[in-house]
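Just below is one structure, and these are the notes that go with it.
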Amino acid sequence: MRIYNTLSGGEEEFLPQSEVVRMYVCGITPYAECHLGHAMSYIVFDVVRRYLEFRGYKVKHVQNFTDIDDKIINRAQKLSIPPGEVAERFIAQYFADMDTLNIKRAHVYPRATEEIPKITEVIQGLIDKGYAYEAKGDVYFRVSSDPDYGKLSHQSLDSLQAGARIEIGIDKEHPLDFALWKATKPGEPWWESPWGRGRPGWHIECSAMSLRHLGDTVDIHGGGQDLIFPHHENEIAQSESFTEITPFVRYWMHNGLVQLEGEKMSKSLGVLVTIKKALERFSPDTIRLFVLSSHYRSPISFSEEGLKAAEKGMERLRQAGFADGQHAMAEETGTIDAGVFRQKFIDAMDADFNSAQALAVLFDLAREINRAVSQGVGVQEAQQLLRELGHVLGFTFEEREIRLVADPFIELLISIRADLRKEKQWQLADEIRFRLNELGVVLEDVPQGTTWKYERPDG
RNA sequence: GGCGGCGUAGCCAAGAGGCUAAGGCAAGAGUCUGCAAAGCUCUAAGCAGUGGUUCGAGUCCACUCGCCGCCUCCA
């Protein structure tokens with residue numbers, strides 16, 4: 001397998017430290033509902049994990065919650081509830097969203113507020129080694145003490161400083177020095193520390209949690225490209241300075257960002273901003289197919305049109321995966337060479353998780369299946385493969401879940417229509433089909449009878 | 001100013017020096033069907049531009065044009 005490493009700027013052969021791949025994915029700061037950017041990132045790394053497991057690796061997946069932060073405190077003040085409650089609320093929503101999107105849960109979900117001992121240990125270690133200094137109850141990382149600083153974002157200290165609009169804290173030695181520990185302000189949560197009451201800075205929690213739960217070096221550290229600087233850059237600085245072990249991370253993976261739509265677009269698509277809203281319109285599989293249709297490092301732009309296209313495609317895969325070949329002699333050995341498709345899928349995914357190409361393989365396989373079904377050739381094995389590989393990409397193959405009270409009545413109408421068709425009362429039969437269609441129920445007459453499904457009327 | 005990315009058919013999107021440039025959606029024709037739908041078969045249409053390297057370039061280099069991200073909280 002080859003993986004693109006942000007640190008080196010190129011693809012590298014993937015060689016984990018052991019058969020257990022240590023994977024850390026940057027989690028959320030729970031102060032608001034998750035949006036499609038989160039959906040993309042976590043779908044991407046869900047597929048990374050699923051594929052690694054498919055390839056025979058064991059994966060230990062750790063994902064943090066940064067549950068103490070300015071944004072949470074602000075939100076708490078607005079809502080007049082404790083910061084901890086804000087965090088709990090959005091963590092719960094996070095899990096609900098991710099479960100719906102069929103994203104596998106990490107093995108450990110450490111929270112910043114529960115890792116204070118490790119955090120203070122790392123900070124103290126950095127001070128002791130001269131990589132950090134205290135200033136009036138704050139503790140800053142001394143950027144100038146790290147000769148490698150800027151290696152992930154491929155920037156020099158000078159160039160970073162040139163474009164920076166960083167507030168120059170009067171207590172900082174260097175404008176790019178960043179806070180490891182922040183002295184408490186009135187009304188904020190605090191913890192005791194050797195430097196007085198305060199709370200952790202933004203980047204230190206990830207270092208501490210990664211070191212504690214995965215050791216000095218992890219294999220894969222993932223997140224959105226927006227985290228490269230300063231967050232991941234600072235994580236490297238802190239962690240490698242503290243442990244004096246390089247590398248902190250063997251493969252840095254960053255997904256492309258979801259583009260904000262232009263104003264004009266965002267109006268019509270405003271409903272798609274949060275995951276919850278998107279799920280009201282589109283199935284988890286559809287959203288996933290849309291995300292995986294392009295390479296994970298490319299930026300993507302959600303659009304109504306794009307999601308509808310993905311929906312159609314997903315339906316095609318689903319039907320092929322479960323197409324009822326009952327009239328064919330199911331026991332017959334299929335002529336489809338499943339091995340070829342499996343290998344093509346592996347080749348695609350081995351090349352830095354080229355999910356777009358992998359999907360093309362699934363669509364090719366789907367066509368093979370449909371063709372074979374109509375020729376009466378057995379397709380069991382091929383269908384099983386399609387489902388297996390689909391599951392590697394995280395598809396559920398479940399139909400859109402709308403179980404309405406209307407279902408029995410629809411069944412009744414279809415049953416009556418079947419009688420009408422027997423009587424060759426085409427006009428009435430068509431009338432039923434047409435009227436149901438207007439209501440968003442699509443009927444399809446197949447040799448075995450009539451199938452039906454919901455479809456959005458404006459589709 | 002610094003770092004990075006993008007421009008492939010109507011739309012989305014792989015590919016990356018050399019057989020006929022994947023795949024999806026949309027479109028047209030055919031097939032199937034009582035009629036539809038789905039499926040299948042076929043069809044049209046594409047490498048932003050200009051130079052260069054090369055026996056050979058979407059694929060490498062240079063420049064031009066257009067678009068975007070990050071450098072500040074962000075997955």
Side-chain angles (χ1 to χ4, degrees), chain A residues 6 9 25-29 31-32 34-45 63 66 69-71 74 94 150 152-156 158-167 176 202 222-231 233 254-260 289-290 292-295 297-303 305-317 319-320 323 344 348 351 354-375 421-422 424-427 429-430 433-434 437 442-447 450-453 455:
Chain A
T6 306
V25 178
C26 266
I28 57 161
T29 300
Y31 71 100
C34 288
H35 55 253
L36 289 174
H38 297 108
M40 173 180 186
S41 191
Y42 297 126
I43 286 171
V44 163
F45 288 105
Q63 184 166 329
T66 300
D69 171 273
D70 289 344
K71 292 191 292 290
N74 290 340
Y94 168 86
L152 184 68
S153 49
H154 306 290
Q155 298 267 12
S156 68
D158 288 344
S159 63
L160 279 168
Q161 202 173 344
R165 280 181 290 150
I166 294 166
E167 54 175 309
L176 289 173
W202 175 32
Q225 281 172 353
D226 52 347
L227 294 180
I228 293 172
F229 190 91
H231 187 55
E233 191 72 69
H254 293 98
N255 62 274
L257 302 180
V258 170
Q259 302 292 307
L260 296 177
L289 179 63
F290 181 83
L292 298 179
S293 291
S294 41
H295 188 91
R297 280 188 283 118
S298 303
I300 61 171
S301 193
F302 280 86
S303 68
E305 200 187 1
L307 283 165
K308 278 184 179 166
E311 186 172 52
K312 286 279 172 64
M314 196 60 231
E315 178 63 13
R316 215 156 103 78
L317 289 180
Q319 279 186 5
K344 281 186 176 171
N354 193 332
S355 56
Q357 217 163 54
L359 279 172
V361 175
L362 294 196
F363 279 107
D364 286 340
L365 179 56
R367 181 182 297 110
E368 266 323 292
I369 289 170
N370 288 332
R371 197 181 298 165
V373 164
S374 65
Q375 291 169 354
R421 291 181 68 216
K422 267 184 204 147
K424 298 201 191 296
Q425 302 236 29
W426 307 125
Q427 208 169 0
D430 286 352
R433 184 173 60 194
F434 180 71
N437 211 319
V442 179
L443 305 192
E444 290 176 16
D445 296 326
V446 296
T450 299
T451 67
W452 66 277
K453 63 185 176 186
E455 191 167 84

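What you see below is based on every heavy atom in this structure, not just the backbone, and it leaves out hydrogens, waters and symmetry mates.
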Just name whichever nucleotide pairs with B:C60, Watson-Crick or G-U, keeping both distances under 3.5 Å, else none. B:G52
Do A:W426 and A:R421 make a side-chain contact, defined as non-hydrogen atoms from C-beta onward lying under 4.5 Å apart? yes
Salt bridge or not for A:E368 and A:R371, using N-O below 4.0 Å? yes
Does the A:S41 side chain pair with the main chain of A:G37, one donor and one acceptor, at a distance under 3.5 Å? no
Mind checking if A:G27 touches a base, just sugar-phosphate, or nothing, with heavy atoms under 4.0 Å? sugar-phosphate
Taking all atoms of both residues into account, what is the closest heavy-atom pair of A:G313 and A:F363, and its distance? O-CE2, 3.5 Å
Would you indicate what A:H295 reaches in the nucleic acid, counting non-hydrogen atoms under 4.0 angstrom: base, sugar-phosphate, or nothing? sugar-phosphate
Quick one: label A:G223 by what it contacts on the DNA or RNA (base, sugar-phosphate, nothing), any heavy atom closer than 4.0 Å. sugar-phosphate
B:U72 C1' sits how many Å from A:L160 CG, rounded? 13 Å
A:Q259 CD to B:G7 P: how many Å, rounded? 13 Å
Taking all atoms of both residues into account, what is the closest heavy-atom pair of A:M40 and A:L257, and its distance? SD-C, 4.5 Å
First encountered from the 5' end of RNA chain B, between A:F45 and A:R297: A:R297
Taking a pair as Watson-Crick or G-U wobble with both distances under 3.5 Å, which nucleotide is matched to B:U72? none
Flag the pair A:D364 and A:K344 as a salt bridge only when some basic side-chain nitrogen lies within less than 4.0 angstrom of an acidic carboxylate oxygen. no
Determine which nucleotide pairs with B:A27, using a 3.5 Å limit on both distances of a Watson-Crick or G-U wobble pair. B:U43
Measure the distance from CG on A:D69 to P on B:U72 and round it to the nearest whole Å. 17 Å
Between B:G24 and B:C42 - P atom distance, rounded Å: 12 Å
Flag side-chain contact, heavy atom, 4.5 Å: A:F290 against A:I300: yes
Specify whether A:Y42 and A:H38 have parallel, tilted or perpendicular ring planes, treating 30° as the upper limit for parallel and 60° as the lower limit for perpendicular. parallel
Quick one: A:L317 CG to B:G23 P, roughly how many Å, whole number? 14 Å
Counting any heavy atom closer than 4.0 Å, what does A:S298 reach on the DNA or RNA strands: base, sugar-phosphate only, or nothing? sugar-phosphate
Residue A:S294, side-chain atoms from C-beta onward, closest of B:A14, B:C73, B:A75: B:A14
Rounded to whole angstrom, note down the P distance from B:U8 over to B:G15. 14 Å
Does a side-chain heavy-atom distance below 4.5 Å link A:L443 with A:T451? no
Apply the syn/anti split at 90° from 0 to B:G58 and say which one it is. syn
Atom pair CD1 (A:I228) and NE2 (A:H154), whose distance is rounded to the nearest 0.5 Å: 7.5 Å
Distance check needed: B:G7 C1' versus A:I300 CD1, whole Å only. 18 Å
By the 4.0 Å heavy-atom rule, please label A:K424 as base, sugar-phosphate, or nothing. nothing
With B for base contact, S for sugar-phosphate-only contact and - for none (protein heavy atoms under 4.0 Å), nucleotides 31-36 of chain B reads ---BBB
Between B:A45 and B:A36, how far is it from one P atom to the other, in whole Å? 29 Å
Can you measure A:F290 atom CZ to B:C11 atom C1' for me and round it to whole angstrom units? 11 Å
Out of B:A13, B:C73, B:U72, which has the shortest distance to the side chain of A:A356? B:A13
Span that lies between the P atom of B:G49 and that of B:U41, in whole angstrom: 33 Å
Separation between the P atoms of B:A48 and B:U59, rounded to whole Å: 8 Å
C1' atom, B:A14 versus B:C3: distance in rounded Å? 27 Å
Only pairs with both distances under 3.5 Å count, Watson-Crick or wobble alike; so what is the partner of B:C35 in this structure? none
Whole-Å distance, A:W452 CH2 to B:A38 P, equals 18 Å
Which base, if any, makes a Watson-Crick or G-U wobble pair with B:G17, both distances under 3.5 Å? none
Which nucleotide wins on minimum distance to the side chain of A:N370, given the candidates B:C40, B:A75, B:C73? B:C40
Write down the partner of B:G66 under the Watson-Crick or G-U wobble criteria, each distance required to be under 3.5 Å. B:C6
Report the nucleotide, chosen from B:A14, B:A75, B:G39, that has the shortest atom-to-atom distance to any side-chain atom of A:Y42. B:A75
Sugar-phosphate only, base, or nothing, as touched by A:L227 at under 4.0 Å among non-hydrogen atoms: sugar-phosphate
Just call it for A:D226: base, sugar-phosphate, or nothing, with non-hydrogen atoms closer than 4.0 Å on any strand. base
If we take the P atom in both B:C55 and B:G66, what is their distance in whole Å? 35 Å
Output for pair (A:T29 OG1, A:D69 CG), nearest 0.5 Å, gives 5.0 Å
Side-chain donor or acceptor of A:H231 paired with backbone N/O of A:D226 under 3.5 Å: no
Measuring only the P atom in each nucleotide, how far is B:G69 from B:G10? A whole number of Å is fine. 26 Å
Do nucleotides 24-29 of chain B as a string where each nucleotide becomes B, S or -: B if the base has a protein heavy atom under 4.0 Å, S if just the sugar-phosphate does, - if no protein is that close. SSS---
Rounded to whole Å, how long is the line connecting atom CZ of A:R371 with atom P of B:C42? 8 Å
A:R433 and A:D445, any side-chain heavy atoms less than 4.5 Å apart: yes
